[in-house]
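Please read these numbers as outputs of a predicted model, since none were measured by experiment. The chains referred to below are lettered A, B, ... by the order of the sequence lines, with proteins before strands, and numbering in each begins at 1.
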Amino acid sequence: MKVYNSEISDIFNKVADLLEINGSNQFRIRAYREAAGLVTNQSRQIQDMIEDDEDLTKLPGIGDDLAAKMKEIVETGELKQLKELEKKLPIELTQLLDIEGLGPKRVAKLYQQLDIQSMSDLKQSLEKGEIKDLEGFGEKTQKNIKQALKEYHERGQERTYLKVAEEQVQPLIQYLKEIPQVKEVEAAGSYRRKKETIGDIDILATSSDKELVIKKFTKYDQIDKIVSQGETKSTVKLRTGMQVDLRVVDPNSYGAALLYFTGSKHHNIELRNLAIKNNWKVNEYGVFDKKDKQIAGQTEEGIYDLFDAQYIPPELREARGEIDAARQNQLPKLITLKDLKGDLQMHTTDSDGRYSLEKMVEAAKEMEHQYIAITDHSAYMGITQGLDEKGVEEQIEKIKKLNEKMDSFQILSGIEVDVMEDGSLDLADETLSKLDIVLCSVHTKFNLPRKEQTARVIKAISHPAVNILSHPTTRIINEREPIDIDLEKIFQTAKEKQVAIEINAHPSRLDINDRQAKEAKNRGVKIAISTDAHRAEELHNLQYGIYQARRGWLEPVDVIIA
DNA sequence: GCCGTTTTCGGCCCGACTGTTTTCAGTCG
């Protein structure tokens, strides 16, 4: 039986939720949550680590108890402790915690006094209007819970693509910049860390007249609702449903506040713990010594400097070893968009692209690319009207003629060939051998069992003609789960066969992801970053692939850049 | 439940805003 890391972290989170509703020791609860987060962020499967007899207590925050519990989950698929807790408290209570404004204390009270166990119980009680009479609750709180429950059902759980968030952040930043009293303004949070999806937007501004800035912020014309408004902080909901938090601080706290609101939370905690060892205190206003004197805080650089660390780019601030690396002067020199000289995957009207070969070439030249690969689909995928052997040869000729007219720019003849169910490729070997570059990818049979799916992909990339494995997991963010494959084995084969692994730069794919990219790098696998553009405008998506690569610690040397 | 140049107990990151209170608990990030 396969037990995934996500199942282990789900169980730990449920234990933490129930313990919290039960009023247990908060630090014990935190230990479970930390463990859940650690397991989620682990690039290796815990099950594999246990099978390899690795010592799980070497992981930070994991002691004998939690290590034994992970082992129990891997071996039995469940955790006795959770079963015991469920006898005392209904498990549905944990869902109530997802409603904004409902934390463990209130959920416990609703359960104890009104026997509210589920969303539907809550809805009924709200309709009866009996919640306002509980001690510590009131008219306003009841109304807020009612609204939050409604929004919970409307919004679902989806996070927004980075690109979609950018479209909302940029004009808002511009609006804030135009307020004369605003000195600096920057979007922080997961947006600044360039995470593939964004939950809400955190904006930081500095000003000597904070209240005025908050006031003007709440007048932004895209705001649907003001959730909260204080002297230095306000939360609003935009018409799009996106939540935006603005925090205004004094200019001399800019660096500390930017650091704080950029996160990640775990990165901050690591820094704070480091500060404690030096008898310092870190908060959003600065770093303070024992006498409460500010010793850093104006700039992020100054703060990292105080910790004897290199400046850590936001993309790396995920508590994945970046602080240690920065203190040993060993941070990677992250790849930038400028390092990339071309694009290795795009489509034209010869398959499912919307633009002609000539148009795509024109657009790529305008972007100052030095080369591109034209990689239309192979014929197998009926809906994409892909190329068969004859079609490929015709396109090769067409590209050859076009290349003759170019000075320094180069067009590579390529293909995105389908991987069949048995791992064979959708074009004859002879045809594939005539191409400059061959990408292979899975577009069908997403549900094969792990062993078969892995064998299928390994067979495909073992084909001597293949250069790149495109969108390896086939996931589409918020839409399609990744296929079940053993990426470690695939990376191993990729290295042996000198096949590159793609970071597909499409904002909804970003496949492989940041952690997987880091793992690939560690295993010595080359990465290709390409847009998979189906229209000329999409060539600009390369930036999102670069963000993901940076989050995966990639340097120019790890990537096919020219 | 974890952890240790304060090592086997006693700590564990820190502050803003709201609503219900009348000094603060609860929630959020």
Residues two or more places apart in sequence or in another chain: which of them pass side-chain contact (heavy atoms from CB on, under 4.5 Å) with [X]?
{"X": "A/N252", "value": "A/D250, A/Q298"}
{"X": "A/E130", "value": "A/L114, A/S125, A/K128"}
{"X": "A/D292", "value": "A/K281, A/F288"}

Under 4.0 Å between any heavy atoms, over every strand shown, what does [X] touch: base, sugar-phosphate, or nothing? Just pick one.
{"X": "A/L271", "result": "nothing"}
{"X": "A/E139", "result": "sugar-phosphate"}
{"X": "A/Q142", "result": "nothing"}
{"X": "A/K143", "result": "nothing"}
{"X": "A/L102", "result": "sugar-phosphate"}

May I have all residue pairs that pass salt bridge (charged side-chain N to carboxylate O under 4.0 Å, His left out) and include part of residues 37-62 of chain A, sequence neighbours excluded?
->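 Sorted result for residues 37-62 of chain A: A/K2-A/D48, A/R44-A/D52, A/R44-A/E54, A/R44-A/E488, A/D55-A/K58.
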
What are the atom names and distances for every N/O pair under 3.5 Å that joins the protein to nucleotides 10-13 of chain B?
from   : atom 1 : to     : atom 2 : distance (Å)
B/dC13 : OP1    : A/R30  : NH1    : 2.1
B/dC13 : OP1    : A/R30  : NH2    : 3.3
B/dC13 : O2     : A/R272 : NH1    : 2.4

Charged N to carboxylate O below 4.0 Å: is that the case for A/D514 and A/R193?
->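 A salt bridge is absent here (no side-chain N lies under 4.0 Å from a carboxylate O).
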
N/O-N/O pairs, protein side and nucleotides 16-18 of chain B side, under 3.5 Å:
from   : atom 1 : to     : atom 2 : distance (Å)
B/dA16 : OP1    : A/Y285 : OH     : 2.6
B/dA16 : O3'    : A/T232 : OG1    : 3.4
B/dC17 : OP1    : A/E231 : N      : 3.2
B/dC17 : OP1    : A/T232 : N      : 3.0
B/dC17 : OP1    : A/T232 : OG1    : 3.3
B/dC17 : OP1    : A/K233 : N      : 3.0
B/dT18 : OP1    : A/Q229 : N      : 2.7
B/dT18 : OP1    : A/Q229 : O      : 3.3

When the ring planes of A/Y220 and A/Y175 are compared, do they come out parallel, tilted or perpendicular, using 30° and 60° as the limits?
->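 Tilted: the ring planes of A/Y220 and A/Y175 meet at 30° to 60°.
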
A/K132 vs B/dT20: side-chain N/O to OP1/OP2 distance below 4.0 Å |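 For A/K132, the contact criterion (side-chain N or O under 4.0 Å from OP1 or OP2 of B/dT20) is not met.
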
Closer than 4.0 Å, any side-chain N/O of A/T141 to the OP1 or OP2 of B/dT20?
->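 True: A/T141 side-chain N/O within range (under 4.0 Å) of B/dT20 OP1/OP2.
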
So, A/T473 and A/D511: side-chain donor and acceptor under 3.5 Å apart, yes or no?
->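 There is such a pair (donor and acceptor under 3.5 Å, judged by atom type) between the side chains of A/T473 and A/D511.
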
Taking all heavy atoms of A/Q294 and all of A/Y285, pick out the closest pair and write down the distance.
->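 Distance-wise, the nearest heavy atoms are NE2-O, 2.9 Å.
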
Using purine N1 to pyrimidine N3 plus N6-O4 or O6-N4 for Watson-Crick, or N1-O2 and O6-N3 for G-U wobble, both under 3.5 Å, which nucleotide pairs with B/dG4?
->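 When the pairing criteria are applied, B/dC9 turns out to be the nucleotide that pairs with B/dG4.
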
